[in-house]
Number of protein chains: 2
Amino acid sequence: MAEQHELRDKGLRLTPQRELVLSAVRALGHATPEEVAEKVRQSHPGINLSTVYRNLETLENVGLVQHTHLGHGGATYHAAEELTHLHLVCGVCGSVGDAPIEAAANFVNSLADDYGFKTDVTHFAIYGTCSACIPVED
Amino acid sequence: MAEQHELRDKGLRLTPQRELVLSAVRALGHATPEEVAEKVRQSHPGINLSTVYRNLETLENVGLVQHTHLGHGGATYHAAEELTHLHLVCGVCGSVGDAPIEAAANFVNSLADDYGFKTDVTHFAIYGTCSACIPVED
DNA sequence: GCTGAAGATGCGACCTTTTCGCAATTAGTT
DNA sequence: AACTAATTGCGAAAAGGTCGCATCTTCAGC
């Protein structure tokens, strides 16, 4: 299985918990630590929340997962390879929509040109009001 | 003093705590609830943290202050009239820079046109790496 | 200026989320 | 098989924020 190499190659030990945390993040798309723990418990009921937190941190350090702030307070974790879209969070209904990163390309470039700021647009959600929640005007 | 009218006009009672919270937010530019409390305590030592939280919420409901997520976890509060800039948060050094809202105008417009999403760019910080923390290349 | 009712405050308890220390266990090396 | 260092589980506890309740204050009406 390639996944073993993937973790070993990053200099990480291969523990059942660690593999399960990584595959839970991948399976869930995006998830809070609590949700990851719940998913992992389906096959490994005894896993401790601390272990989930520590593994998410470890996996983030080697670049296999990343976290994003969607607003409420807690971070949500993504597999690194999935982080190819912006998150459009609706402040009214709470829904999280996606938009391609390219939608922000000009914005990112102008911040780089004008302020020397290298933007990671996926780290924070884009906050606003989704089309379904905007009152229709006449 | 005009400030009294300002609060009364919004239908709020005028309490020393409320006035102090509002002027603390204005004086600080942006601040966490904890920082607001600390500021208020300079002239009103007994103020309770709950009161600060409740007043920030109340003031936000009537539109005098707004909160922004700068990343770490806690929200930071701004006077509404000051919220005319983006926040560029550096993930390396933690600094918070400003950029005019206009820098995002095209981005906001394209999200509106393509996704019907009405963006509030000030609500979340823009995350990335500031010019001082980008390694110089040859 | 008093008075009463609605609203605000202070206080403490409590909840959620995340971190930490430590002893026991386990992975990977030799 | 044995050793060492990383990892886990567990409980305690740090942050950050909310809530109920008794007391006190604001402000409208008199």
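A, B, ... follow the sequence lines: proteins, then strands. Residue 1 opens every chain.
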In chain order, what residues pass the side chain to side chain contact (heavy atoms under 4.5 Å, CB included) check against B/S95, with sequence neighbours excluded?
B/C90, B/C93, B/C130

Can you check the [X] [atom1] to [N] [atom2] distance for me, whole Å?
X     : N      : atom1 : atom2 : result
A/N48 : D/dT7  : CG    : P     : 16 Å
B/E57 : D/dC19 : CD    : P     : 8 Å
A/E19 : D/dA6  : CD    : P     : 19 Å

Backbone of A/F124 reached by a side-chain donor or acceptor of A/T68 within 3.5 Å:
no

May I ask you to say what B/A75 touches in the nucleic acid, namely base, sugar-phosphate or nothing, with a heavy-atom cut-off under 4.0 Å?
sugar-phosphate

Please work out if B/L49 contacts a base, only the sugar-phosphate, or nothing of the nucleic acid, heavy-atom cut-off 4.0 Å.
nothing

Hey, is CD on A/E38 packed in by over 12 heavy atoms from elsewhere, all under 6.0 Å?
no

Under the rule for side chain to side chain donor-acceptor pair (under 3.5 Å), what residues qualify as partners of [X], not counting sequence neighbours?
X     : value
A/R18 : A/N55
A/T32 : A/E35
B/E60 : B/H67

With side chains defined as the heavy atoms from C-beta onward, is the minimum distance between B/F117 and A/S131 less than 4.5 Å?
no

What salt bridge (charged side-chain N to carboxylate O under 4.0 Å, His left out) pairs are there with at least one residue in residues 80-99 of chain B, not counting sequence neighbours?
B/R26-B/E81

By the salt bridge (charged side-chain N to carboxylate O under 4.0 Å, His left out) test, which pairs, at least two apart or in different chains, include something from residues 110-120 of chain B?
none

Between B/H85 and B/H87, does a side chain to side chain contact (heavy atoms under 4.5 Å, CB included) hold up when you go through it step by step?
CA-CA 7 Å; B/H85 54 269; B/H87 302 96; 3.5 Å; yes

Anything under 3.5 Å between a donor and an acceptor, one on a side chain of residues 41-52 of chain A, the other on a protein residue two or more places apart or in another chain? List them.
residue: A/S43; atom: OG; partner: A/V40; partner atom: O; Å: 3.4
residue: A/N48; atom: OD1; partner: A/S50; partner atom: N; Å: 2.9
residue: A/N48; atom: OD1; partner: A/S50; partner atom: OG; Å: 3.0

Mind running side chain to side chain contact (heavy atoms under 4.5 Å, CB included) on A/I126 and A/V89 for me, showing each step along the way?
CA-CA 6 Å; A/I126 310 298; A/V89 171; over 6 Å; no

Outermost contacting nts on DNA chain C, any atom under 4.0 Å from chain B heavy atoms, listed 5' then 3', are C/dA6 to C/dG12

With the sugar-phosphate defined as primed atoms, P, OP1 and OP2, and the base as all remaining atoms, what B/S/- string results for nucleotides 20-30 of chain D, 5' to 3', for protein heavy atoms under 4.0 Å?
B----BBSS--

Could you tell me, to 10°, how much the axis swings from one end of the helix from C/dG1-D/dC30 to C/dT30-D/dA1 to the other, five pairs per end?
30°

Could you check which residues of residues 62-70 of chain B get a heavy atom under 4.0 Å from DNA chain C? Sort them by number, please.
none

Sorted by chain and residue number, the ring-ring contact (aromatic ring centres under 6.0 Å, His included) partners of A/F107 (sequence neighbours excluded) come out as B/F107

